[in-house]
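Encoded as structure tokens, the structure appears first; notes follow it.
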Amino acid sequence: MSNLKAGEATLQKLLNTSRQFIVPIFQRNFSWEKKQFQQLWEDIRRAGSFSQERTHFIGSIVYIDMGTPAGRPQQLMLIDGQQRLTTLSLIICALRRYVAANKTATALIKEQKLNNQFLFNSDEAGNDRYKLLLGAQDRETYIKILEQTEFTLAVPSVRIKECYDYFYRQIEKCADNLDEIYLGILHLSLVAIALDKDKDNPQLIFESMNSTGKDLSQSDLLRNYLLMDLAAKEQSRLYTTYWKPMEEAFGQYAYPEKFDYFIRDFLTVKYGGARICKVNDVYEQFKRYYVERNLTKEAVLKEIFIYARYYAAIELQQETDKELATYWRQVRTIDCHVAYPFFLQLYHDYKCGVLTKNDFILIIKTTISYIVRRAICEMPTNSLNKTFAVFYNKIDKANYAGSVLKEYILKTAYRAFPTDYAVREKLQTKDIYHFRLKNYLLEMLENYYHKEPIDIIKDNYTIEHIMPQSPELNDDWRAMLGENWREVQKIYLHTLGNLTLTGYNSEMGNKSFTEKLNDVNGFKHSHLRLNQFVASCEVWNKQTIRRRTNLLTDLILQIWPYPAFK
């Protein structure tokens, strides 16, 4: 029988006593963003005009009363509502800071009053001083803001800092209406739900609530599932050993954005491609996996931790091997996420000594070639997730790389590895200018055998049409292209042979070919290898464009080769 107790409360009623709300380690970090800040601020502004009896409901706070240790504040473990309570506390903190800095205290708003009623347990010391104690990643930043020493932070919690700064700016804009802002905060109401620590199941309640604001991610639910019902000491040990290092490896931005995708790929690996779950179904599929395999929580956390390191190396630029890092950069550039389950399995074998580094690199390079060639040949991508999900099952560990290359060669129909002939034929007239991999393609062509590689974006290069895009070419161009100049322009304008790189795109424009060659920033003065053939030409027409296309295609077939199976 549950002893769940629920009642309406204001922020003042919740906090104006000696108590401490504690965000447990299994809870997600603070994750509200501007959208949620704006909504709460609008609620406060609206509630500021209410009569004394009227309130504005903003959601719920769910907690477990852990008791009151002798000589300490009442301990309340927050199960739901930490985002809301944290944000409200930061608003109070910003209001207090503004009033103190600008000496604008009113009869309603006094610095000490805000401290004692909302922020601090004034008679306590150490962490017991704070009415709200956040999780590991956010705690230091929150406390430093409360103590007005956030300038000493080496690596602040970005979300916490953004929240505080946002509300301080809003309060600055409302300097003439501070009492109204304060009344608005007082008129906010919440449903405070107290759970019985011995009778209620916080995990089930947590899953069912996912309240207004920012929805819980799949990994939020997963972390809570693995850690919530453990004894505090074991909870802390597993969190510190496994989960916290993963959060830190992913970082404050990548963790909320990418961890769900990592878990999806992890499950694909563990199911051997038999199940490919959607990213919004990760939590349910994970619970199924955990129960079916009859794993301990430490065992599954260790598995996740191991594969998270591989994922961070591939996706989050954390590869320490310079050679591997070069290829993972390409993998990210071509958006090869469908192959991540396959790469994770390869990485595990590499780390376990089953796969040599040379063979690992050969397979990565071949996979990149497979993706690039298929993109050039405009082959459908909807089958690739299944292709890579089951690929590992076909590997012969006794002939690791050879069996992978053989499998690529044997693929047919819509899964085929495009041949040299297919790629060459496609590139004759393919629109490269609107191709999603155009920058990557041209950059790789430029950097092939290059000791001083360029970066198109960082080095401010742009794509230049040698034969201009203007629908009305000048007389020089019409004469050079011949009487069928419109047809030549239509067919070859965006093709590989007519595209190059330059840092002077705006200066070239519709100039004649002679001017583009000989001007001070022209092709004859370019240090780019891509422009060497162009600089050697006296005319630019259908024949030279086709010739350059063929020369660059030769390089493409070398950079992204067809598997050579022995």
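Predicted, not measured: the structure shown is a model, and the values here were computed from it.
You'll find the side chain of Ile22 stays beyond 4.5 Å of the side chain of Leu132, heavy atoms only. The side-chain heavy atoms of Leu188 and Leu40, taken from C-beta on, include a pair separated by under 4.5 Å. Put simply, the side chain of Phe360 does not reach to within 4.5 Å of the side chain of Asp349, judged on heavy atoms. Considering only heavy atoms from C-beta on, Tyr142 stays 4.5 Å or farther from Ile145 through its side chain. Looking at heavy atoms from C-beta onward, Leu88 lies in side-chain contact with Ile58 at the 4.5 angstrom threshold. Between Lys297 and Leu230, the closest side-chain pair of non-hydrogen atoms falls below 4.5 Å. Looking at heavy atoms from C-beta onward, Lys131 lies out of side-chain contact with Phe118 at the 4.5 angstrom threshold. A heavy-atom distance below 4.5 Å is found between the side chains of Cys163 and Phe37.
Using a cut-off of 4.0 Å between Lys/Arg side-chain N and Asp/Glu carboxylate O, Glu292 and Arg275 are scored as salt-bridged. A salt bridge does not link Arg264 with Asp260: none of the charged nitrogens is closer than 4.0 Å to a carboxylate oxygen. Taking 4.0 Å as the cut-off between side-chain N and carboxylate O, Glu315 and Lys258 count as a salt-bridged pair. Checked for salt-bridge contact, Arg46 and Asp43 meet the test: a charged N lies under 4.0 Å from a carboxylate O. A salt bridge links Glu284 to Lys287: at least one charged side-chain nitrogen sits closer than 4.0 Å to a carboxylate oxygen. Checked for salt-bridge contact, Arg159 and Glu33 meet the test: a charged N lies under 4.0 Å from a carboxylate O.
Judged as a salt bridge (Lys or Arg N to Asp or Glu O under 4.0 Å), and not counting sequence neighbours, the contacts of Glu248 are Lys244. Every residue two or more places apart in sequence or in another chain that forms a side chain to side chain contact (heavy atoms under 4.5 Å, CB included) with Cys174 is listed here: Trp41, Arg45, Ile181. Considering only residues two or more places apart in sequence or on other chains, Val338 meets the side chain to side chain contact (heavy atoms under 4.5 Å, CB included) condition with Leu384, Asn385, Phe388. Val158 pairs by the side chain to side chain contact (heavy atoms under 4.5 Å, CB included) definition with Glu162, Gln252, Tyr253, not counting sequence neighbours. Among residues two or more places apart in sequence or in another chain, the salt bridge (Lys or Arg N to Asp or Glu O under 4.0 Å) test is passed with Lys357 by Asp321, Glu323.
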Legend entry - CA sep, side-chain torsions, deciding dist, call: Gln218, Tyr261, side chain to side chain donor-acceptor pair (under 3.5 Å): CA-CA 9 Å; Gln218 297 293 293; Tyr261 290 93; over 6 Å; no
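Surrounding CG of Asn393 are more than 12 heavy atoms belonging to other residues, nucleotides or ligands, all under 6.0 Å away. More than 12 heavy atoms of other residues, nucleotides or ligands sit less than 6.0 Å from atom CZ of Phe57.
Ring to ring, Trp243 and Phe26 are not that close: their centroids are 6.0 angstrom or more apart. Checked against the 6.0 Å centroid criterion, the rings of Phe286 and Tyr283 do not qualify as a close aromatic pair.
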List the atom pairs, with distances to 0.1 Å, where a side-chain N or O of residues 300-311 and a protein N or O form a donor-acceptor pair under 3.5 Å, not counting sequence neighbours.
residue : atom : partner : partner atom : Å
Glu303  : OE1  : Tyr289  : OH           : 2.8
Glu303  : OE2  : Lys270  : NZ           : 3.3
Tyr310  : OH   : His348  : ND1          : 2.9

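Rounded to the nearest 0.5 angstrom, Ile64 CD1 and Ile193 CD1 are separated by 12.5 Å. Ile171 contributes atom CD1, which lies 5.0 Å from atom CG of Leu95 (distance to the nearest 0.5 angstrom). Here the straight-line distance linking atom NE2 of His56 with atom CG of Leu190 works out to 10.5 Å at 0.5 Å rounding.
Looking at Tyr164 and Glu150, their side chains never bring a donor and an acceptor atom within 3.5 Å of each other.
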